[in-house]
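Counting convention: from 1, in listed order, for ligands and their atoms alike. Bear in mind that the values here come from a model prediction, so they are computed numbers and not experimental data.
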Amino acid sequence: LHKNKNNLEELIDDISKNVIRDMDEYGMCVVDNFLGTEKGLAVLNEVLNMYSAGLFKDGQLVSNKAGANDLKTIRGDQITWLDGKEKQCQNIGMLISQVDAVIMRANKMCNNGKMGNYTINGRTKAMVACYPGHGSHYVKHVDNPNRDGRCITAIYYLNRDWDIKQNGGLLRIFPEGWRDQVADIEPLFDRILFFWSDRRNPHEVQPAYKTRYAITLWYFD
Ligand SMILES: O=C(O)CNC(=O)c1n[nH]c2ccccc2c1=O
Ligand SMILES: [Fe+2]
């Protein structure tokens with residue numbers, strides 16, 4: 001019996017189908033216009049308010065070889081962790097529940113009830129990250145190199161009018177087995193990216209020259 005799903009369920013089903021297909025085929029999946037402009041802006045405003053309230057921890061210091069000897073240290077990413085139930089964060093909370101809905105639906109939809117042979121059963125809190133520009137970047141790394149349980153990385157981007165040539169901040173993924181092919185993902189507003197968190201997807205954030213915001217969730221199996 002095909003109950004008439006409402007259009008949100010329809011949308012979640014549609015996105016989940018794409019996620020399953022692309023994760024199986026490429027180990028990653030990009031979805032644009034994830035929340036729609038209005039809700040996306042509501043999430044962005046909450047993040048901007050938190051940032052101006054100074055809630056972000058000082059970014060880790062990374063050395064930046066300005067020259068051979070003079071090591072210039074620059075601020076890397078600045079982060080804060082949220083569970084989305086905090087007051088002033090109800091839109092971030094809504095984003096989190098939408099991502100949960102897609103992941104849980106995808107989990108149910110794929111044939112043996114497992115996406116990539118994982119049975120997702122939890123996730124981290126949301127990590128809100130800001131790259132403050134001036135060349136802040138993140139060196140090539142694997143999110144989960146040593147089986148800490150995280151299997152899917154979900155990154156929601158908040159950057160309006162982002163011009164990759166001027167502003168940098170490209171996410172470059174070096175998928176295992178793609179030889180010298182890379183996946184270049186621009187951190188565009190209302191875009192969400194999913195990828196396997198393990199050694200299949202080494203990636204880097206290239207130097208950003210404008211303040212760059214993203215919200216990351218890691219799903220456990
Ligand atoms: O923003 C992006 O496009 C990708 N971002 C990352 O890969 C990334 N990965 N791992 C982290 C751990 C701690 C703090 C920030 C990060 C971080 O931005
Ligand atoms: Fe990462």
Find out if a path of hydrophobic residues (ILVMFWY) with successive side-chain heavy-atom gaps under 4.5 Å connects Val99 to Leu171.
no
Sort by chain and number the protein N/O/S atoms found under 2.8 Å from the Fe ion (ligand 2).
His141 NE2, Asp143 OD1, His203 NE2
Using atom types as modelled and distance alone, determine if a side-chain donor or acceptor of Glu204 lies under 3.5 Å from a backbone N or O of Arg172.
no
State the atoms of ligand 1, each with its element, that fall below the 4.0 Å cut-off from a heavy-atom position in Tyr131.
17 (C), 18 (O)
Under the side-chain hydrogen bond (donor to acceptor under 3.5 Å, both in side chains) rule, collect the residues that match up with Asn167, sequence neighbours excluded.
none
Is ligand 1 under 4.0 Å from a heavy atom in the side chain of Glu204, in the backbone, in both, or in neither?
neither
Residue Met127 vicinity, atoms of ligand 1 by number, heavy atom under 4.0 Å
13 (C), 14 (C), 15 (C), 16 (C)
Does Arg105 pair with Asp13 as a salt bridge, N-O distance under 4.0 Å?
yes
Out of the candidates Phe174, Phe195, Trp196, Tyr138, only one should pair with His203 under the ring-ring contact (aromatic ring centres under 6.0 Å, His included) rule; please name it.
Phe195
If we ignore hydrogens and angles and just use 3.5 Å, is the side chain of Asn107 paired with the main-chain N or O of Ile120 as donor and acceptor?
yes
Under 3.5 Å donor-acceptor, Arg150 side chain and Asp143 backbone
yes
Part of Asp143 with heavy atoms under 4.0 Å of ligand 1, whether side chain, backbone, both or neither:
side chain
Can you find an N or O of Trp218 that's nearer than 3.5 Å to an N or O of ligand 1?
no
Judged by heavy atoms only, the candidate from Tyr156, Phe195, Tyr213, Tyr138 nearest atom 12 (C) of ligand 1 is Tyr138
Enumerate the atoms of ligand 1 whose separation from the nearest heavy atom of Asp77 is less than 4.0 angstrom.
14 (C), 15 (C)
Tell me which part of Ile155 gets within contact of ligand 1: side chain, backbone, both or neither, using heavy atoms under 4.0 Å.
side chain
With Asp190 via side-chain hydrogen bond (donor to acceptor under 3.5 Å, both in side chains) - residues at least two apart:
Tyr156
Tyr26 meets the ring-ring contact (aromatic ring centres under 6.0 Å, His included) criterion, sequence neighbours left out, with none
Look at atom 9 (N) of ligand 1 and find which of His141, Lys140, Gln78, Arg172 reaches it with the closest heavy atom.
His141
Any side-chain to backbone donor/acceptor pair from Arg123 onto Leu217? Under 3.5 Å, distance only.
no
